[in-house]
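To keep things clear, I will list the structure first and then write my remarks on it.
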Protein chains: 4
Amino acid sequence: MVDENMIMLNIAPSSGIPIYKQIIDQVKRMIASGYLLPGDELPSVRNVASRFQVNPMTISKAYSLLEATGYLERQRGKGMLVSDKQGGEKEMDKRINILEPAIKELITQAKQLAIPKDKLKIIIEKYIEEKL
Amino acid sequence: MVDENMIMLNIAPSSGIPIYKQIIDQVKRMIASGYLLPGDELPSVRNVASRFQVNPMTISKAYSLLEATGYLERQRGKGMLVSDKQGGEKEMDKRINILEPAIKELITQAKQLAIPKDKLKIIIEKYIEEKL
Amino acid sequence: MVDENMIMLNIAPSSGIPIYKQIIDQVKRMIASGYLLPGDELPSVRNVASRFQVNPMTISKAYSLLEATGYLERQRGKGMLVSDKQGGEKEMDKRINILEPAIKELITQAKQLAIPKDKLKIIIEKYIEEKL
Amino acid sequence: MVDENMIMLNIAPSSGIPIYKQIIDQVKRMIASGYLLPGDELPSVRNVASRFQVNPMTISKAYSLLEATGYLERQRGKGMLVSDKQGGEKEMDKRINILEPAIKELITQAKQLAIPKDKLKIIIEKYIEEKL
DNA sequence: GTGGTCTAGACCACC
DNA sequence: GTGGTCTAGACCACA
């Protein structure tokens, strides 16, 4: 399971978005989707840090914030687990709520670029088919 | 002309995105879409600053960076205008390139949320119809 | 490495040329000459600022503009380094292109001062031998 | 004579150097070289302004500063003349002094670009032969 | 430790 | 009127 998680985690150091935030957002989404289940172990700080050539403190900060907000639990000597307390997989509506800001941002940019509705629909459909 | 530009410029001080960056992104998109044409004047630093209740230097910083990257030109003692060196309104392909990162981000998030293709298509279509 | 860079950086506060521009020009030339290589770190904003007794924002402005134009890259939480995207050390031809405006300005002034060719050649040769 | 002066005057609006300063420097050099003699008329403010598509006030400012420093005299109804009072054509040594800053700037830039002595000599000689 | 953002205010240069 | 430069200082974000 750990290895598979690693595959999903995807850090883009030069994207402008802070590394710790990239990790937090991705873990949250993986929990919301049921990809990560309560009790699942997360890869160790060291493991992630060396894998992405990142300062371990950065990973640790992400985990700590996820712990503080109840998504993860720290088990002494065993690492971080997905918390039982919080709901686990969310219904589709909740997940779509999480996705909403990204949709709005896309629409805003398309509007300012004066891209017509039909054009945008076709492009998005193509991306969904190929990449999703 | 100034007044029309002003209507489009839209600053959200508490959005987390730096003010100067909001301005840069919007001006770039207004140029790409042909809304701002080569030779058009931009509203003065002081004008924008007082309108949005921000420090003139913040606006000046945005304009300077747009000048450094070739989007704007300085008219000494007059003001800033859209550079004619860089092509002005861009063809639809170029604009879509600009939009691409936002699309990719959306797809990545949808994937991690395990939202199915059909579901996503329907949601996006709705947004495009209503908001674009 | 830092120390060596520091030796080269040379600010003349009262030269009329803005401090941030002096820094930009010098960094550009140090990159073009291969003195600064892709991946090299630059001295920190605070370091340069205290060394030359200027406001950190002034240095920061120079670095930001060099980043906007692709010469430098930010390492978040670390510092600035020379970008590897842009070729690094340039061939002699490219460097001479950079030098060209200064040569043209010299020729224009000499022409307007009606300084004869032979005279100018001798003077320049002397300067090259002694100062270059 | 006026027309010939016009040929020498050369304004580069986007060079970074203020227009009024470009004019001042050029007039000074033309006087130093004996190209403009005491009593010579300068082209009218309006003439120069329309020729270079520049604000007449900018030209006027240049002339006023040249008057204040004794290079020109204002004759009511006749325009500006080169002043009799100041020495007119200067000896070669003086002229070379005027040229010195441009030479030093060139050497500084060549040094930072790591251009070798021989290379620089050849380039400069070429420019002198062709352009001076 | 690093750089970034913004402010308030002074002063300059140009047109 | 326009933009530019710089300062001093506060506060934030990141590693």
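Because the structure is a prediction, the values reported are computed rather than measured. Order of the sequence lines fixes the chain letters, A, B, ..., with proteins taken first and strands second; residue numbering starts at 1 for each chain.
- One finds no side-chain N or O of B:S44 lying less than 4.0 angstrom from the OP1 or OP2 phosphate oxygen of F:dG1.
- For the pair C:T58 and F:dT7, the criterion of a side-chain N or O lying under 4.0 Å from OP1 or OP2 is met.
- Contact check, B:K78 against F:dG3: no side-chain N or O comes under 4.0 Å of OP1 or OP2.
- Classification of B:D25 and B:K21 as a salt-bridged pair holds, one side-chain N sitting under 4.0 Å from a carboxylate O.
- Across all strands shown, F:dC14 pairs with E:dG1; the Watson-Crick or G-U wobble distances both stay below 3.5 Å.
- Counting non-hydrogen atoms under 4.0 angstrom, D:V54 reaches nothing in the nucleic acid.
- Looking at which nucleotide of DNA chain F each of B:M57 and A:M57 is closest to, the 5′-most match is held by B:M57.
- Atom pair B:I59:CD1 and F:dT2:P shows a separation of 14 Å (rounding to whole Å applied).
- Checked by atom type and distance alone, the side chain of D:E105 never pairs as donor or acceptor with a backbone atom of C:A102 at under 3.5 Å.
- Of the two residues contacting DNA chain F, namely C:Q53 and A:P18, the nearest-nucleotide position lying further toward the 5' end is that of C:Q53.
- Applying the 4.0 Å criterion to OP1 and OP2 of E:dC6, one finds that B:Y20 has every side-chain N and O outside that range.
- Remark: C1' of E:dC6 and NZ of C:K61 are 15 Å apart, rounded to the nearest angstrom.
- For the residue pair C:L72 and C:M80, the shortest heavy atom distance occurs at CB-CE, 4.0 Å.
- Atom C1' of nucleotide F:dT2 and atom CG of B:N47 are separated by 12 Å, given to the nearest angstrom.
- Using a distance-only test at 3.5 Å, with no hydrogens or angles considered, no donor-acceptor pair links the side chain of D:S60 to the main chain of D:P56.
- The CD1-P distance, from B:I24 to E:dT5, rounds to 9 Å in whole Å.
- Distance CG (C:L42) to C1' (E:dG3): 13 Å, rounded to an integer number of Å.
- Taking atom CG on C:L65 and atom P on F:dC6, their separation rounds to 12 Å, with Å as the unit.
- Per the geometry, CG belonging to B:L72 stands 10 Å off P belonging to F:dG4, to the nearest Å.
- Residue contacts for D:N55: at a heavy-atom cut-off of 4.0 Å it reaches the sugar-phosphate backbone alone, with no base atom in range.
- Of all nucleotides listed (F:dG4, F:dC6, F:dG9), F:dC6 comes nearest to the side chain of C:I19.
- F:dT5 atom P lies 12 Å from atom CD1 of C:I17, rounded to whole Å.
- Regarding contacts with the backbone of E:dC15, a side-chain N or O of B:R76 is found under 4.0 angstrom from either OP1 or OP2.
- Rounding to the nearest 0.5 Å places OH of D:Y20 at 11.0 Å from CG of D:L66.
- Looking at C:R46, its side chain comes within 3.5 Å of the base of E:dG3 through a donor and an acceptor atom.
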